[in-house]
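Input: a single structure, listed below in structure tokens.
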Number of protein chains: 2
Amino acid sequence: MLRMSRVPSIAPQTGTAAQILDVAERLVQTRGYNGFSYADIASELGVTKATLHYHFRTKAELGGRLMVRYTESFGSALASIGAAESSALEKLQSYVQLYGEVIRDERMCLCGMLAAEYATLPPSIQVEIRRFFDVNEQWLTTVAEQGREANTLRFDGAPAEMARLLVSTLEGAMLIARSYDDPARFDASARRLLDEMTPRADA
Amino acid sequence: MLRMSRVPSIAPQTGTAAQILDVAERLVQTRGYNGFSYADIASELGVTKATLHYHFRTKAELGGRLMVRYTESFGSALASIGAAESSALEKLQSYVQLYGEVIRDERMCLCGMLAAEYATLPPSIQVEIRRFFDVNEQWLTTVAEQGREANTLRFDGAPAEMARLLVSTLEGAMLIARSYDDPARFDASARRLLDEMTPRADA
DNA sequence: GTCTATAGGTGGATAGAC
DNA sequence: GTCTATCCACCTATAGAC
């Protein structure tokens with residue numbers, strides 16, 4: 001389809017398609033998949049709906065590509081945190097901060113939002129939702145294992161279970177914090193959970 | 001159609017209005033507020049959309065009354081649990097079970113679902129969402145205080161913060177468990193969190 | 001690649017007969 | 001209380017000109 005064939009590979013993501021994804025992403029994160037329309041994106045970008053359909057034939061395709069981009073971007077951030085020379089606890093704190101930036105932008109996690117609307121979404125998007133959570137849990141499981149091994153993290157049970165607890169708590173805390181327009185609610189719950197995992201001096 | 005007009009006042013909630021609320025509740029919990037229409041309810045009940053508008057003038061009014069009924073019903077359940085002669089830990093287990101029944105019915109918490117769509121909802125519904133969370137947090141705060149006092153619960157920090165952490169975790173765990181159609185995911189996260197709050201024999 | 005124009009469907013909501 | 005009939009705004013999507 002020769003999309004953006006002239007854009008030098010050095011300067012990416014400034015084309016129309018990327019702008020559409022940017023606006024769509026914010027709309028899904030704030031209003032949900034069933035809460036925005038092509039007309040919303042078009043008016044914001046100053047183009048027509050037909051233009052959007054040229055770049056993304058259907059809304060389902062737009063949603064799917066949105067999720068793929070989001071998971072890729074998130075995965076890169078996780079890889080970066082994972083590669084750093086920091087303790088497992090510090091890595092978890094960085095992880096929490098990723099979510100914190102989203103909630104401070106008055107958004108919900110893209111994937112948490114779509115998880116709520118799961119039953120109404122096309123299967124191609126449903127698959128991507130689970131993939132996002134899988135990526136998160138795998139990364140967290142590894143960090144949890146390393147942390148307990150090195151005594152920088154303290155918790156009972158399987159690392160994979162702790163990973164799922166972390167994701168659940170952060171997603172839920174975002175959901176509620178947004179209803180109160182109060183990011184501090186997210187911070188408090190995240191901090192309390194991490195505190196439970198911090199090795200105690202008296203132990 | 002003379003629907004149940006003869007039912008004695010002893011047998012409540014069998015009228016058309018209650019049936020509409022029942023169907024609407026399930027639809028919101030599975031598909032979200034923006035994921036269902038009057039046509040969905042009407043076809044399921046075998047009536048026309050006009051009938052729905054007779055009982056609930058607007059969708060916003062239907063949504064508001066749905067939330068009020070839900071919070072009332074939930075509040076009754078909490079009062080019942082709170083009045084029982086059981087330990088604070090057992091009360092928390094009963095609380096978790098309330099959510100567990102919802103997820104086992106393949107539903108999301110009505111309020112968690114609406115919290116996701118918060119930005120698209122009429123203010124009259126937004127108010128009710130926060131009220132639901134407030135009711136939950138107040139009840140949990142009381143239970144947490146009593147439990148720590150009686151040494152049947154163990155946790156650091158303010159009881160109100162622990163209450164918020166509990167709600168966040170349960171809501172998030174429901175959100176994710178539903179995407180995997182796996183209630184066990186909810187159970188595992190809930191159990192792990194309660195385990196952290198269980199007094200240890202070696203302490 | 002973006003436009004105008006429009007198709008075909010569904011959304012919430014109302015008027016008026018019964 | 002429930003129906004038929006209808007309104008109009010909005011939805012996703014397409015055809016074809018430029």
Side-chain angles (χ1 to χ4, degrees), chain A residues 1-8 11-24 27-28 31-66 114 117 119-125, chain B residues 1-7 9 12-25 27-28 30-67 114 117 119-125:
Chain A
M1 216 181 248
L2 273 187
R3 180 156 305 127
M4 305 199 211
S5 50
R6 304 273 158 60
V7 175
Q13 306 307 63
T14 50
T16 303
Q19 289 180 33
I20 293 169
L21 286 175
D22 288 341
V23 173
L27 287 173
V28 175
R31 305 180 53 87
Y33 184 83
N34 296 321
F36 84 99
S37 72
Y38 268 36
D40 295 329
I41 304 175
S43 76
E44 191 160 332
L45 289 179
V47 298
T48 63
K49 291 183 289 177
T51 296
L52 304 193
H53 281 285
Y54 171 80
H55 292 282
F56 304 93
R57 188 163 291 268
T58 66
K59 193 180 178 182
E61 186 187 319
L62 172 59
R65 287 225 243 149
L66 213 48
L114 293 176
E117 300 175 293
T120 72
L121 301 176
S124 57
I125 298 184
Chain B
M1 216 184 244
L2 268 189
R3 191 178 306 273
M4 322 240 176
S5 52
R6 304 270 160 62
V7 175
S9 57
Q13 306 306 64
T14 51
T16 303
Q19 288 180 31
I20 293 169
L21 286 175
D22 288 341
V23 174
E25 186 173 272
L27 287 172
V28 174
T30 51
R31 305 178 54 86
Y33 184 84
N34 296 322
F36 84 100
S37 71
Y38 267 36
D40 295 328
I41 304 175
S43 77
E44 192 160 333
L45 289 179
V47 297
T48 62
K49 290 189 292 176
T51 296
L52 305 192
H53 280 286
Y54 170 79
H55 291 282
F56 304 94
R57 190 163 291 266
T58 66
K59 193 180 180 184
E61 187 187 317
L62 172 59
R65 287 224 244 151
L66 214 48
M67 273 302 308
L114 293 176
E117 300 175 293
T120 71
L121 301 176
S124 57
I125 298 183

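Convention: sequence-line order gives letters A, B, ...; per-chain numbering from 1. Please read these numbers as outputs of a predicted model, since none were measured by experiment.
Protein atom NE2 of A:H55 is 17 Å distant from nucleotide atom C1' of D:dT12, rounded to whole Å. When the P atom of C:dG9 is taken as reference, atom CG of B:D40 falls 18 Å away, rounded to whole Å. The CG-P distance, from A:L45 to C:dG1, rounds to 16 Å in whole Å. Between A:I41 atom CD1 and D:dT12 atom C1' there is a gap of 12 Å when expressed in whole angstrom units. Between A:L52 atom CG and C:dT4 atom P there is a gap of 13 Å when expressed in whole angstrom units. We find that CZ of A:R57 is positioned 15 Å from P of C:dT2, with the value rounded to whole Å. A straight line from CG of B:N34 to P of D:dT12 spans 12 Å, rounded to a whole angstrom. Separating the CZ atom of A:F56 from the P atom of D:dA13 is a distance of 13 Å, rounded to the nearest angstrom.
Contact annotation for B:F36: backbone-only contact, meaning every heavy-atom pair under 4.0 Å involves sugar-phosphate atoms and none involves a base.
Closest heavy-atom contact between A:Y38 and A:F56: OH-O, 3.0 Å. Heavy-atom minimum distance, B:N34 versus B:K59: CA-NZ, 4.5 Å.
Comparing atom distances between the A:S37 side chain and each of C:dC3, D:dC11, C:dG12 picks out D:dC11 as nearest. In the set D:dT2, D:dT12, C:dC3, the nucleotide with an atom closest to the side chain of A:K59 is D:dT12. Picking from D:dT4, D:dT14, C:dA13 the nucleotide with the shortest atom distance to the side chain of B:K49 gives C:dA13. Residue A:H53 has its side chain nearest to D:dT12 when only D:dG1, C:dA13, D:dT12 are considered. Closest to the side chain of B:T58, from the set D:dA13, D:dT4, C:dA13, is C:dA13. The side chain of A:T51 lies closest to C:dT2 when the candidates are D:dC3, C:dG12, C:dT2.
Checking B:I125, B:I41, B:V28 one by one against B:L62, the side chain to side chain contact (heavy atoms under 4.5 Å, CB included) holds for a single residue, B:I41.
Note that OG1 of B:T51 is 9.5 Å distant from CG of B:L45, once rounded to the nearest 0.5 Å. Residue B:L66 holds its CG atom at 9.0 Å from CG of B:D22, rounded to the nearest 0.5 Å.
The shortest distance between the side-chain N/O atoms of A:Y54 and the OP1/OP2 oxygens of C:dG1 is below 4.0 Å. Taking only side-chain nitrogens and oxygens, A:T16 comes nearer than 4.0 Å to OP1 or OP2 of C:dT2.
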